[in-house]
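To keep things clear, I will list the structure first and then write my remarks on it.
Note that the structure is a prediction, hence the values are computed from the model and not measured. Every chain is numbered from 1, with letters handed out A, B, ... down the list of sequences.
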Number of protein chains: 2
Amino acid sequence: MSTILDYPRPMTTAPPPPTPVQLMDGLARAAAAYYRHFAEVAAEQGLTLMQGKVLSLLRRPMPMRTLAELLACDASNVTGITDRLEARGLVRRAVDQTDRRVKNVLLTEEGERTVALIRAELMSGLTTLGQLDEDERRTLHDLLGRVFPQA
Amino acid sequence: MSTILDYPRPMTTAPPPPTPVQLMDGLARAAAAYYRHFAEVAAEQGLTLMQGKVLSLLRRPMPMRTLAELLACDASNVTGITDRLEARGLVRRAVDQTDRRVKNVLLTEEGERTVALIRAELMSGLTTLGQLDEDERRTLHDLLGRVFPQA
DNA sequence: CGAGAATGGTTGACATACTCAACCATCTGG
DNA sequence: CCAGATGGTTGAGTATGTCAACCATTCTCG
């Protein structure tokens, strides 16, 4: 059909580049799909999306305030989420010894187990990731890092 | 053999490919950053993340049920969100003529204006996207499409 | 046709997420 | 030592989210 619109391009068939709008749509779809998957995985452990997020962030203990910044939400919100996680025995508050205002949140054994399950299920559910070869994984990682720079 | 999809790098230093875990982390960071940005843009219009999401989905009128599927949430949830959007005059319910059970949600003029602002601000805020060249945009779009296939 | 099942949407009850203002405890800098 | 900054909690209020129960309409099939 599209015989007329051709213009000189490399011998390999290069599809037309996506418009910025299409790219933005792609990002939106990807982000939505990621969180849909994450929410499902968290739900398997009886957790909400946010509870799963917090557990995932706790690779190392960190103050409530830091969690609030990472989640981009109010500190009082973190209080509530942490309350519920603590009530389930997945998390613990430990008063910081150098600054007694600070409460460090850390995973309990049970919390470690749960987050390990979540991570495993998160990976095994995204089978498409495993279908990328090394170059593609490197490229995707690099491009995402450039579009969404660290911090 | 896919020479055009590679971007230039010195032959000697091929950075190590990211581990699956690192890649998953990259996806998590990107998704979080995307929604943080989206939420900020929506907030500029006095809207929540979900309200902004719904407006963005309404490129064309669609039944409540379809919205619920796209948002991956319960239909009764969509009722609430639509109620609030309708109360602000951004959206309207129209009974479908072929199936009178169905209510199609559509943007009002005001809703169109608002979503246009959101889209514009969403783009102009992500300046990093504009810094990718054509090949990189094509590659990113392609890889995202493969990791998160359309429906 | 007509009775029952299926579907789209709303309502009500309830848990969670989220923000804001007010507040206490602790720390920090003159 | 005191005034202000900082970390966290509480309380009020709204939004989001699920579930069960419920109409209205449509579909299925005897």
* Say whether B:Ile118 and B:Leu106 are linked into one hydrophobic cluster, either directly or through other cluster members, by side-chain heavy-atom distances under 4.5 angstrom. => no
Rounding to a whole Å, what distance do you find between [X]:[atom1] and [N]:[atom2]?
{"X": "B:Gln97", "N": "D:dT26", "atom1": "CD", "atom2": "C1'", "result": "15 Å"}
{"X": "A:Met50", "N": "D:dT18", "atom1": "CE", "atom2": "P", "result": "13 Å"}
{"X": "A:Gln51", "N": "D:dG17", "atom1": "CD", "atom2": "P", "result": "14 Å"}
{"X": "B:Arg100", "N": "D:dC23", "atom1": "CZ", "atom2": "P", "result": "19 Å"}

* **Set of ring pair (Phe, Tyr, Trp, His ring centres under 6.0 Å) partners for A:Tyr34, sequence neighbours left out** => none
* To do: Can you sort out the partners of A:Phe148 under ring pair (Phe, Tyr, Trp, His ring centres under 6.0 Å), two or more places apart, ordered by chain and number?
  =>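 With neighbours one apart ignored, the set is empty.
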* Structure fact -> Per side chain to side chain donor-acceptor pair (under 3.5 Å), A:Arg93 is matched among A:Asp83, A:Thr82, A:Thr79 by A:Asp83
* Any salt bridge (charged side-chain N to carboxylate O under 4.0 Å, His left out) involving residues 111-132 of chain A? Give me the pairs, sequence neighbours left out, ordered by first then second residue. => A:Glu110-A:Arg113
* If you take all heavy atoms of B:Met24 and A:Leu129, which pair is closest and at what distance? -> CE-CD1, 4.2 Å
* Give a yes/no on whether any side-chain N or O of B:Arg84 is located under 4.0 angstrom from OP1 or OP2 of D:dT14. =>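 No, B:Arg84 has no side-chain N/O under 4.0 Å of OP1/OP2 on D:dT14.
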* Asked: How would you list all residue pairs meeting side chain to side chain donor-acceptor pair (under 3.5 Å) that involve residues 55-70 of chain A, not counting sequence neighbours?
  -> A:Arg59-B:Asp25
* Structure fact -> Reading nucleotides 2-12 of chain C from 5' to 3' and marking B where a protein heavy atom lies under 4.0 Å of the base, S where only the sugar-phosphate is that close, and - otherwise, the string is ----BBSSBB-
* Asked: Among residues 30-49 of chain B, which residues get a heavy atom nearer than 4.0 Å to DNA chain C?
  ->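 Nothing qualifies; none.
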* To do: Find the distance between OH (A:Tyr35) and CG (B:Leu27) and round it off to the nearest 0.5 Å.
  => 10.5 Å
